[in-house]
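Remarks on the structure that follows.
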Amino acid sequence: MPQIIGIPKETFPGEKRVASVPEVVEKLRKLGFQVLVQSGAGEAASIGDDEYRAAGASVVADAVAVWSGADIIFKVRAPSREEVALLREGMTVVSFIWPAQNPELLQALAAKKCTVLAMDSVPRISRAQKLDALSSMANIGGYRAVIEAAHEFGRFFTGQITAAGKVPPAKVFVIGAGVAGLAAIGAASGLGAIVRANDTRPEVADQIKSLGGEYVPVDYVEEGSGVGGYAKVMSEGFQKAQREVFARQAKEVDIIITTALIPGKPAPRLITAEMVQSMKPGSVIVDMAAEQGGNCELTEPGKVVVKHGVTLIGYTDLPSRLPRQASNLYATNLFRLSEELCKAKDGVFNVNMEDEVIRGTTVVKEGAITWPPPTPKLSAAPPAATAQKPVAKPAPEKQGHGHGGGGEQMSPRKTVLLFGTAAVLFALAGLYAPAAFLGHFTVFVLACFVGYMVVWNVTPSLHTPLMSVTNAISSIIVIGALVQIAPPAAAVLESGAARPNDIIRWLAVAGIALTAVNMFGGFAVTRRMLSMFRK
């Protein structure tokens, strides 16, 4: 018999998200589920009850009707004590749980003989990316952090030159280049700010640069990647060098956005009170780790405060400040999880503990606590460094026994034979070939050499590298065709009316026309492609 999914209204103070949206409700029904939605559940996210009804959901009056009538509960925030009391034995709950921070909640859920899947425990492996609600919410939080900073900041982000004077661009420093940090870098760069970023994992430097930021390294060599792609706790020596870098940046930048978090641990303190005091008046710090204690010593979670002339934003609900977008992404993550749990499309969850993704996400199975899960088989942790073996030099080849393949060097005997054959061919061509052929052949050889050097040194500054090469080749063709159309100067002086053969002339004209179409058409296509990425 198909199971019923219940969507209650979130009871956490200030929470505006909802666990599912009408578009996803339709997809859940196609998997065979029935859906119950509490009246007003999507109101804060601008989703009315009529939209849920149109999608095929049943709208009920209150939370009790949802919890008593559903077999599966989809939530955003972890269940409160009152909601745990409404659970029936054997129900399934899917939401953020944070088992490391909420052991009492875990015990209470286990006492109800429930099955609980924590969206914050989804393994960080490639196959589980579509379920990664943490990344979805971090992406929104990073973007919103820039918007909040721009709201509190007293100037433009982008530099401007106006009749009233010049406005310098804002300087933004992002600490941590995970999903949230990269989203913040992209948003701040898009607004025109000068963006700098730091992360303990040096491999993210290219990602920072690709989003328009500048990577600020720490002059201390230590690997910062931990299990599952997260950062790890660094040594005291690294932390000291890191604080020196942050202290320098604090004096220079206008906005600092901190995103540094380590799973299961309090947020590391990276911005000291002295650093805040050294910042320029009117500067802004957005502490995205405020819910876990904050990366700044002076952050007050959930509040915006001004200390030493610096505005410190400690909001703990950044994703909830874009409720419709956040609800859409979170609902999609839940639907993808439902696809994994209901592959038969019969409207029944099958929690297969043999599946690595499901096993990692499940924290309670039928009343038994299964958290923490075993270490994932695939880890993003770097392999242990191995000593490099010296490259063995190839044995010198014996005279007269060279082999042409396998990338080996040509033997002296073959080299002499090749050049000797080429010399004989050139001698025969010089003795018996027409004089015109020798001239054309010499030009051909020089054109090949010069053309090769020209084409492969074209800088693709305004278009793609492929377009650079094709346009360079087209230019050579056009010049060659013009030479064929124009009469040689010596011939004009002798005859006064020298003209090339008509066939050659029309072939040259056709060549010019085709290459012109290729060149200008290529630029037109490239311009259309680039315009797709302009705002």
Side-chain angles (χ1 to χ4, degrees), residues 19 72-81 83-84 87 90-138 176 178-180 200-201 223-234 259-268 289 291-293 316 330 333-334 336-338 340-341 349-384:
I72 303 165
I73 295 293
F74 281 180
K75 276 182 56 58
V76 179
R77 294 277 185 170
S80 63
R81 291 183 179 179
E83 290 172 326
V84 171
L87 278 171
M91 289 183 69
T92 299
V93 178
V94 185
S95 73
F96 285 108
I97 299 294
W98 305 108
Q101 289 85 356
N102 298 307
E104 294 180 359
L105 172 62
L106 211 59
Q107 294 289 344
L109 292 169
K112 287 285 186 174
K113 306 295 183 185
C114 294
T115 296
V116 182
L117 290 96
M119 295 305 292
D120 49 272
S121 297
V122 173
R124 282 281 177 102
I125 60 177
S126 298
R127 189 165 66 86
Q129 286 183 352
K130 59 185 178 181
L131 320 177
D132 194 354
L134 281 177
S135 293
S136 298
M137 298 302 102
V179 176
T200 58
R201 300 160 296 174
E223 177 56 50
S225 299
V227 176
Y230 294 98
K232 69 174 185 179
V233 179
M234 307 301 288
T259 70
L261 277 175
I262 298 171
K265 296 182 181 295
E291 193 167 7
Q292 303 298 326
T316 58
Y330 183 65
N333 293 138
L334 291 178
R336 296 303 181 190
L337 177 63
S338 302
E340 294 292 320
L341 294 167
F349 270 6
N350 175 27
V351 182
N352 179 16
M353 299 296 277
E354 298 298 320
D355 186 307
E356 186 179 13
V357 174
I358 303 304
R359 173 64 186 87
T361 307
T362 305
V363 295
V364 179
K365 175 69 183 298
E366 297 174 356
I369 295 177
T370 60
W371 188 88
T375 304
K377 296 177 183 178
L378 298 177
S379 172

For Glu340, side chain to side chain donor-acceptor pair (under 3.5 Å) partners two or more places apart: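 Glu340: side chain to side chain donor-acceptor pair (under 3.5 Å) contacts with Lys130.
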pair Leu134-Val122: side-chain heavy atoms closer than 4.5 Å: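 No - every pair of side-chain heavy atoms lies 4.5 Å or more apart.
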Within-4.5 Å side-chain heavy-atom neighbours: Met137 and Val179: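 No - every pair of side-chain heavy atoms lies 4.5 Å or more apart.
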About how many Å separate [atom2] of [Y] and [atom1] of [X], when rounded to the nearest 0.5 Å?
X	Y	atom1	atom2	result
Leu334	Ile72	CG	CD1	11.0 Å
Ser135	Arg124	OG	CZ	4.0 Å
Leu106	Trp98	CG	CH2	14.0 Å
Met119	Ile97	CE	CD1	11.0 Å

Which heavy-atom pair separates [X] from [Y] by the least distance, and what is that distance?
X	Y	value
Pro123	Thr361	CD-OG1, 3.8 Å
Val76	Ser95	O-CB, 4.0 Å
Ala267	Ala289	CB-CB, 3.7 Å
Leu131	Val357	CD1-CG1, 3.3 Å
Arg359	Pro372	NH2-O, 4.2 Å
Leu105	Pro79	CD1-O, 3.6 Å

Check: Phe96 ring centre within less than 6.0 Å of Tyr330 ring centre: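 So the answer is yes for these two rings.
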Partner set under side-chain contact (heavy atoms from CB on, under 4.5 Å) for Ser121, not counting sequence neighbours: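 Here the qualifying residues are Pro99, Ala118, Val363, Trp371.
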Set of side-chain contact (heavy atoms from CB on, under 4.5 Å) partners for Val351, sequence neighbours left out: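 For Val351, the residues satisfying side-chain contact (heavy atoms from CB on, under 4.5 Å) (neighbours in sequence not counted) are Thr115, Leu341, Met353, Ile358, Thr362, Lys365.
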Sole candidate of Thr92, Val93, Val116 that passes side chain to side chain contact (heavy atoms under 4.5 Å, CB included) when paired with Leu87: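 Among the candidates, only Val93 passes.
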Sidechain N-carboxylate O distance under 4.0 Å for Lys75, Glu83: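 Salt bridge: yes.
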